[in-house]
Amino acid sequence: MHTAYVSVRFGILALLEQGPSHGYQLKADFEARTGGVWTVNVGQVYSTLERLHGEGLVAPVEDDGDGERRPWRLTPEGKEAIDAWFDEVSVAATPPRDELLVKVLLALSRSPGAALAVIDVQRAALYALLRDQRRGLPGGDDPAVVLMAEAVAARHEADLRWLDRCEDMARTLTTTPREGNA
Amino acid sequence: MNARIHMTKDPALVLEGVTRRFEDGPTTVTALDAVSLSVAPGSMCALTGASGSGKSTLLHLAAAMIAPTSGAIRVGGRDITGLDAAGAAALRRETVGIVFQRYNLIPSLTALENVTLPLEYAGRSMREARALGSAALEQVGVPLPHDRFPDALSGGQQQRVAIARALAVPRSLVLADEPTGALDSATGDQVMRLLVEVAAAGAGVVVVTHDPRVASFADRVVSLRDGHIVSDSDAPGAVVSPVADVAAPAAPVAP
C-alpha cells in the first residue's frame with residue numbers, strides 16, 4: 001500500500017534523526033511511537049533501508065559491518081528529506097473509496113429500502129466495533145497509544161455520522177409515510 | 001457508587017410489545033410500534049435515531065411520563081404500565097433517575113438544595129437529605145463549596161449536579177436524554193464516564209443520543225426508525241455481512 005510505504009520510509013528517517021540505529025530496533029521503535037497498533041514487517045524495514053541507501057538518504061555507520069545488526073545513520077540529504085516531509089501538508093485530496101461507502105452507494109442505486117437495510121447492518125457492526133475499541137483502550141498514559149486509539153475511534157464515528165446522513169437521504173427517497181390509521 | 005444503586009436481578013427495564021400513538025389533528029401518529037426491549041442491570045444502552053424515530057417517546061414511557069397505548073413496561077420487575085400520576089411521581093422519586101440535556105436545575109437554589117429538594121419532597125428529614133445530597137455531589141466530583149448557585153458553575157459542573165440529583169437515592173434505572181448535548185467534547189466524555197460508573201455499579205442506564213461518540217460509551221446501541229428497532233449492536237443475527245468490511249481503518253494500519 002502506497003501510504004503505508006511512505007509512512008514507514010519517513011518513520012525510519014525520523015527515527016534515524018535521533019541517532020544511528022539498526023533494522024530491528026527501528027521496527028520496534030516505529031511500532032512503539034505510532035501507538036503499538038501498526039505492525040511493520042522487519043523485512044520491509046530492511047528493504048526500505050536499502051532503498052533509502054540507494055537514494056543517499058541513509059548510510060551505514062562505517063566501523064560496523066555486521067549484517068543484521070548493522071547500524072544506519074542519517075545523511076545530510078536524509079535530514080533535508082525528513083524536514084521537507086514534516087513541512088508538507090498530509091491531507092489526502094483523493095476521495096475515499098473504501099468498501100463501506102461503495103456498498104451503501106450501490107445499495108442506494110438498487111433502492112432506498114435496500115440502502116436502509118445495508119445502513120442498519122453496518123451501523124450495528126460499527127457501534128459494536130467502536131464499543132470494543134473503547135473498552136480495549138489501554139489505561140496507560142503513553143500519548144502515542146492514546147492518540148492512535150482516538151484516531152481509530154474518530155474514523156468510526158465519522159462513518160456513523162455519514163451513515164446518519166445516508167439514512168436521511170434514503171428516507172427522503174422513500175415515498176411511504178408512516179402515519180398510523182388507528 | 002455501590003451504596004447508591006439498588007441491585008436487582010430483574011432487568012432494569014423491559015418493554016413488551018409497546019405501542020404509543022399520538023393524535024396529531026385528524027391523523028394518528030404511531031411514535032412507537034410494538035417495540036420490545038430489555039435492558040440488563042449493570043449495563044448502559046444507547047438509543048439512537050433521527051428525530052421522530054421514537055427514541056424520546058421510549059424514554060418518556062420508561063419514566064412513566066406518558067402511558068403506552070398498548071403493551072407492558074416493567075422497571076426492575078415491577079409493572080408500571082397502569083400507574084396513576086401519583087404512582088408515576090413516586091416511581092421517579094424512588095426508583096428511576098432522570099438526567100436532562102439542559103440540566104433543569106432551579107436557579108434560585110444552591111447546588112446542594114437542588115439535590116436535597118426532591119429528597120425532602122420524598123419525606124426525608126432535612127438532615128438526612130443534606131447528608132445524602134452532600135455525598136452524592138462529592139461522588140460525582142462537584143467541587144466544594146456546594147452552596148453555590150447554578151450560574152456560578154460551569155456547564156459540566158451543572159450537569160454533575162443534575163446527575164447527583166438523579167442518583168442521591170438508590171436507583172435501579174437511570175434515564176438520560178442527550179446528557180452531553182450542551183457540553184464541549186472533553187466535558188461530555190467526563191459525564192459519560194460518570195454514567196458508565198453508574199452502570200458498572202449495578203443500575204441500568206439508558207441514554208438517548210444522536211452522537212456516535214456518546215453512544216460509543218454504551219455496552220449496546222439500539223437504533224430506532226419510524227417507531228421500530230432497526231438495529232441492535234447486541235443482536236448477532238442482525239449482522240449479516242462481514243464486520244471486516246468496516247473494521248479496517250483506511251490508512252493507519254498496514255496489513
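Sequence lines set the chain letters: A, B, ... in the order given, protein chains first and strands last, and positions in each chain run from 1.
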All heavy atoms of Ala124(A) vs all of Ser231(B), minimum pair found to be CB-CB, 4.0 Å
Proximity breakdown for Ala218(B) and chain A, heavy-atom pairs closer than 4.5 Å:
backbone
Report, as yes or no, whether the 6.0 Å neighbourhood of atom CD on Glu17(A) holds more than 12 heavy atoms from other residues, nucleotides or ligands.
yes
Nearest-0.5 Å distance that lies between atom OG in Ser216(B) and atom CG in Leu126(A)
11.5 Å
For Arg123(A) and Val221(B), what are the C-alpha separation, side-chain angles and deciding distance, and is it a side-chain contact (heavy atoms from CB on, under 4.5 Å)?
CA-CA 9 Å; Arg123(A) 178 187 278 136; Val221(B) 181; over 6 Å; no
For Asp219(B), does its backbone N or O pair with a side-chain atom of Arg131(A) as donor and acceptor, under 3.5 Å?
yes
Pick one of side chain, backbone, both or neither for Leu116(A), based on which atoms fall under 4.5 Å of a heavy atom in chain B.
both
In terms of heavy-atom contacts, does CE of Met65(B) have more than 12 from other residues, nucleotides or ligands at under 6.0 Å?
yes
Atom CZ of Arg161(A) with >12 non-hydrogen neighbours under 6.0 angstrom
yes
When rounded to the nearest 0.5 Å, the distance separating CG of Asp164(A) from OG1 of Thr48(B) is 7.0 Å
So if I take each residue of residues 206-215 of chain B and look for any heavy atom under 4.5 Å from a heavy atom in chain A, which residues do I end up with?
His210(B), Asp211(B), Pro212(B), Arg213(B), Ala215(B)
Rounded to the nearest 0.5 Å, what separation is found between the CG atom of Asp120(A) and the NE2 atom of His228(B)?
12.0 Å
